[in-house]
Protein chains: 2
Amino acid sequence: MKEIAKLPTETARDYALRAIRENIVSLDLEPGTGISENEIAGFLGVSRTPVREAIQELSKAAVIEIYPQRGSYVALIDSTFVEEARFLRKTLDIAVIEEACDLATQADIDRLEENVALQEFYLQTQAADKIYLLDDEFHKLIYSAAKKETLHAMRSNIMLHFDRVRTLSMKTVKDTKIVGDHRQMLESIKNKDKENCRMLVEKHLSRYHIDEAEIRAAYPQYFKD
Amino acid sequence: MKEIAKLPTETARDYALRAIRENIVSLDLEPGTGISENEIAGFLGVSRTPVREAIQELSKAAVIEIYPQRGSYVALIDSTFVEEARFLRKTLDIAVIEEACDLATQADIDRLEENVALQEFYLQTQAADKIYLLDDEFHKLIYSAAKKETLHAMRSNIMLHFDRVRTLSMKTVKDTKIVGDHRQMLESIKNKDKENCRMLVEKHLSRYHIDEAEIRAAYPQYFKD
DNA sequence: ACACAGAAACTTGTATACAAGTTATTTATG
DNA sequence: CATAAATAACTTGTATACAAGTTTCTGTGT
C-alpha cells in the first residue's frame, strides 16, 4: 500500500476512502490481498472507525469482500462484474452522449475543447498519467452537458472493476487511439450526429475488450475463475 | 417512524439499514424530517455505530442529507434526481429486456409466468401491497434472465428516489394497467420481439410520468424547489 | 516426530466515551 | 421588558474498549 497525503480539508473518513480506493485501482493493493482495519488505520494515522466506514462502502461496490470475524480481502477481478460494468458503460454512455448532442451549450463545448486539447498536448509529451485523469474528466464533462451528474457518480462506483483492468492495460493500449476517439466524439457532439456518437462509443469500448484476454493471460492470479 | 421487527439472522447494521430505508420509501419518515443517530439507535434498540453506518450508506444514495455537527435530514424529493432515475431506468431497462430476449431460458420464462400469474390473481383480490412486491420481483427476474444481477442491485439504489414518488402514486395509478404491461412484456420476451419490448418499457414508465404533476400538487411540502 | 489441546493473537461487530461544533435555552444585566 | 452573554443540550466525527468468533502458534504428552 502506497502512501497518499491527507488533504487538510477532508474528513478522516473521506481520506481513508480515497486512499484505499486509489490503492485498489492502482493495484498497489493487489487483488486477493488481505487487509485489516487496524493495520490500515495505523498506516493512515486515523482510528478504526473512519477506516471501517470506508471499507464498508467499498464492500458495497464489491471491490472488497468482508468475511465477519475472519478478515477482509481486495476482491479478485470478476469477469462477470467487468462484463456488467462494460454493458452499463456502453448502454449509459451512448444514451448520455446522445442527450449531450441535444443539450450541450457553447460553454460545455468549450470545456470539452480545452480538455481534448490538453489530451493532445500530453500525448506528445508522453504523460500517460495526465491523459488518464483527462480521460475521466472528458467523460464527466459529457455527463454534465447532458445534465446527468448524479448518474456519473453512480457510474464511477461500478466502474471500479473496469478501472482495475484499465490500469493493467495502460501499457498495452495506445493512448494515441484513445485521444483520437475523444477528438472524434467531440466533433460529433458539435455536429449533433448521434449515430456517429453511438458508433464511436462502441468502438472506444471495444479497444479495452480486445486486450482483456492478453491481460488475463499476463496476470492470472488477479482474476477469479 | 414505524417499528420494523429485527430478523434474528441479520446484523444490527443490516437491520438499521433495512428499517430506515423502508421508513423512507413508505414515507413514514417524511421528506424533510430531521433524524438523529441517537434517537434512531434508541428506537431500534441498537447502538449508534450500526445506525450511523446505515445512515452513511443512505446519504451516499442521496436520500439522507448529513450536515456535520448540525443534523441529518430525510432528503426532499428532488426532481433532478427523479428525472435522472427515470432516465437510468428507461435506458437500462430497455437494454436489459432486449438482452433478456436473447438469453432467457425456459426456467426464466417459467419464473416470469408464475410472477405475472400471481399479479393477475392479486389484482382481482385488490391486494395492492402484494402487487408492489411482485412488481419489484418481476423486474428483478428480467435482470436475472439477462445475467445482469449486479446492475439490478445498483439500479435499486438510485431508484429509491423514484420509489418514493411511486409510493405516493399508488393510490392514483391503476394497478390494472401495470399488471397488463407486465403481461405484455412477458409475451414479447417469449416472442423475442425487442422492438415491442422497448415500446412497452417506455409506455410503462410514462404512466408514472403522467401523475407526477398531480402528486407534486397534492404534496408540495415533500418536494425541493 | 507427531497429534492434540489450549492459549494467544488475530479478525470484524458493537457499544461507549470523548471531541468539536451548532443551536436553543437560560440567566444576568441594562 | 429587552438584549446579550453564558451555558446547557443537542448534533455528527473520531477514538477506544469490549464482545464474539476464527486462525495460528505453542507447548505437552505420546
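No experiment lies behind these values; they were computed from the predicted model shown.
B/Thr49 comes within 4.0 angstrom of a base, heavy atoms only. Here A/Glu39 lies out of heavy-atom contact (under 4.0 Å) with every strand. Residue-level contact check: B/Arg48 touches the bases, meaning some heavy atom is under 4.0 Å from a base atom. B/Glu53 comes within 4.0 angstrom of no nucleic acid atom, judged by non-hydrogen atoms across all strands. In this structure, A/Ile35 reaches the sugar-phosphate backbone alone: every heavy-atom distance under 4.0 Å involves primed, P, OP1 or OP2 atoms, never a base.
Just one residue in the list B/His152, B/His204, B/His182 forms a ring-ring contact (aromatic ring centres under 6.0 Å, His included) with B/Phe138, and that residue is B/His182.
Taking both residues in full, the closest heavy atoms of A/Leu27 and A/Thr167 are given as CD1-CG2, 4.0 Å, listed atom of the first, atom of the second, then distance.
Along DNA chain C, the stretch of nucleotides lying under 4.0 Å from any heavy atom of chain B spans, 5' to 3', C/dT14 to C/dT23.
Considering only residues two or more places apart in sequence or on other chains, A/Arg111 meets the side-chain contact (heavy atoms from CB on, under 4.5 Å) condition with A/Ala107, A/Asp108, A/Leu141. For A/Glu10, the side-chain contact (heavy atoms from CB on, under 4.5 Å) partners two or more places apart in sequence, or in a different chain, are A/Lys6, A/Leu7, A/Asp14, A/Tyr15, A/Arg18.
For the pair B/Arg155 and B/Phe162, the NZ or CZ position fails the cation-pi test of under 6.0 Å to the six-membered ring centre and within 45 degrees of the ring normal.
D/dT24 atom C1' lies 13 Å from atom CZ of A/Arg70, rounded to whole Å.
DNA chain D is contacted by both A/Val46 and B/Asn38; B/Asn38 maps to the nucleotide lying nearer its 5′ end (nearest heavy atom per residue).
Atom CD of A/Gln221 is surrounded by more than 12 heavy atoms from other residues, nucleotides or ligands within 6.0 Å.
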